Amino acid sequence: MKNGLFSLSPLLVFVTLYLLTSIVCGDFYKVPITVAFLAASVYAVAIGKGPLRHRIDVFSRGAGTPQMMLMIWIFVLAGAFAHSAKMMGSIDATVNLALSLLPGQMMLAGLFLAACFISLSIGTSVGTIVALTPIAAGVAAQTGASVAVLVAAVVGGSFFGDNLSFISDTTIIATQTQGCKLSDKFRVNSFIVVPAAVVVLVLYLFMGQGISSPSQLPAVEPVKVLPYLVVLVTAIFGLNVMAVLTLGIVLTGAIGLLTGGFADAFAWMQSMGDGIVGMGELIVITMLAGGLLETIKAGGGIDCIIRLLTRHISGKRGAELSIAALVSIVNLCTANNTVSIITVGGIAHQIGEKYGLDPRKCASLLDTFSCTVQGLIPYGAQVLMAAGLAAINPIEILPALCYPVAIGIAALLAILLRYPRRYSGN
């Protein structure tokens, strides 16, 4: 037990360097998270057992597993697709289409619905917030409605897609670490969060009476929304995620060249290249985290964590609660839902195997609880971004954040009530 606890000390190094330094500085982005992971990884190799070359080999084995490489390939394709679609004009087209379909006097619910649709299409909460928050702030200025409430609807809706989208990094990581298909995780996750989204939508319908839609919107270009729709539909029907993203990239290029979204093929390739480069930090974090956890595992740290978390567990319900608690705590420390899933995904998988949990539900719980915590911390990138774009204090947004609270309650009930039954066992 003592050796196992000591092998966990690299996690303490990471938390100390990243979390405590950020609190002291008052800025959760003061220390780059890649540097924090690098320092913890170097320390992990330094305290490992055996010759230095053996310790490096252990770390490298964890960083370069087939699972890690598959994840990185998906990140590369997702980055190429997401950025090329953005540069082609798909995000603007999707935003304009969503807003043009919103009925009058339902702007609050409509903004939430638009954020849900856009985030589900583009797979990023931050991108959705960047696209819609200025609109929400403008509507508030025109109508006298609360800017915090309107922005909170956008932030909440952005986590709908972050939690469910087939091209969301959290979904990709959750499914890869648990060994299940994206389409299967989507189905299980939908059973848990869609009822919560419906409840929040109804609540916003009542809260938003009297707020009107913007009077002027740019012309809608539906053809530019097509890549997102094709990716969404083909992924739902179970097509391999790499094939889905490749199809999306080709379709984006074709539409962009035909509509003038790209000046030429070189502009299309440049946008793909920029998107791939933009995934660089996430790829580095993924590899460092994989190596770090393999080193900790070799020292008995993973077994130690499982023993500590599960020593009072007597069944599946307790095992699922331990996974939920683990990812939530790590998310509080890192302020990054993607990193939290990367960090605890392997541990969650081992807990799941020990207690016979369905990997599809484990992936859903990892993703949902990380999104819940990420949506409710004032130092998270999403809330900070929204507050900055709307020129308000992040704390003002928190009381109006209905959706992260709703999915957290829904996920907790899914554990306690063993729902969905098909994926929960006894």
Side-chain angles (χ1 to χ4, degrees), residues 26 28 91-92 94-120 122 124-163 193-218 335 337 371-410:
F28 271 79
I91 289 182
D92 291 339
T94 304
V95 170
N96 294 336
L97 176 62
L99 291 178
S100 68
L101 297 175
L102 298 179
Q105 305 299 315
M106 297 173 63
M107 196 59 203
L108 181 60
L111 275 172
F112 174 71
L113 207 56
C116 289
F117 173 68
I118 292 167
S119 60
L120 188 63
I122 69 177
T124 166
S125 53
V126 172
T128 303
I129 288 168
V130 170
L132 283 181
T133 297
I135 296 172
V139 171
Q142 293 175 18
T143 62
S146 168
V147 64
V149 171
L150 288 173
V151 170
V154 170
V155 174
S158 73
F159 279 105
F160 180 83
D162 197 307
N163 184 217
V193 303
V194 169
V198 172
V199 170
V200 172
L201 180 63
V202 172
L203 177 63
Y204 281 153
L205 285 172
F206 285 101
M207 290 175 60
Q209 293 300 311
I211 304 175
S212 58
S213 303
S215 56
Q216 294 183 341
L217 284 172
N337 50 336
C371 282
T372 294
V373 174
Q374 186 69 17
L376 294 174
I377 51 177
Y379 49 86
Q382 291 84 352
V383 174
L384 288 175
M385 178 70 73
L389 291 170
I392 58 177
N393 191 301
I395 302 299
E396 295 180 59
I397 301 174
L398 297 187
L401 282 169
C402 302
Y403 185 70
V405 173
I407 61 172
I409 294 172

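Everything numeric in this text was worked out from a predicted model, so none of it was measured.
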Can you list the residues that meet the side-chain contact (heavy atoms from CB on, under 4.5 Å) rule with [X], with sequence neighbours excluded?
{"X": "L201", "answer": "A109, F112, L113"}
{"X": "V405", "answer": "L376, I409"}
{"X": "A136", "answer": "L111, L150, V151, V154"}

Closest approach of [X] and [Y], non-hydrogen atoms and distance?
{"X": "A115", "Y": "S158", "answer": "CB-N, 3.8 Å"}
{"X": "Y204", "Y": "A153", "answer": "OH-CA, 3.7 Å"}
{"X": "G157", "Y": "S119", "answer": "O-OG, 3.1 Å"}
{"X": "A406", "Y": "V200", "answer": "CB-CG2, 3.7 Å"}

Side chains of I129 and V155, heavy atoms from C-beta outward: is any pair under 4.5 Å? yes
Considering only heavy atoms from C-beta outward, does the side chain of Q374 approach that of D162 to under 4.5 Å?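 SC-SC contact between Q374 and D162 ruled out.
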Just distance, no hydrogens or angles: give the donor-acceptor pairs under 3.5 Å from side chains in residues 385-403, sequence neighbours left out.
| unit_1 | atom_1 | unit_2 | atom_2 | d |
| --- | --- | --- | --- | --- |
| N393 | OD1 | I395 | N | 2.8 |
| E396 | OE2 | N393 | N | 3.1 |

Tell me every residue that passes side-chain hydrogen bond (donor to acceptor under 3.5 Å, both in side chains) with T128, counting only those two or more places apart in sequence or in another chain. none
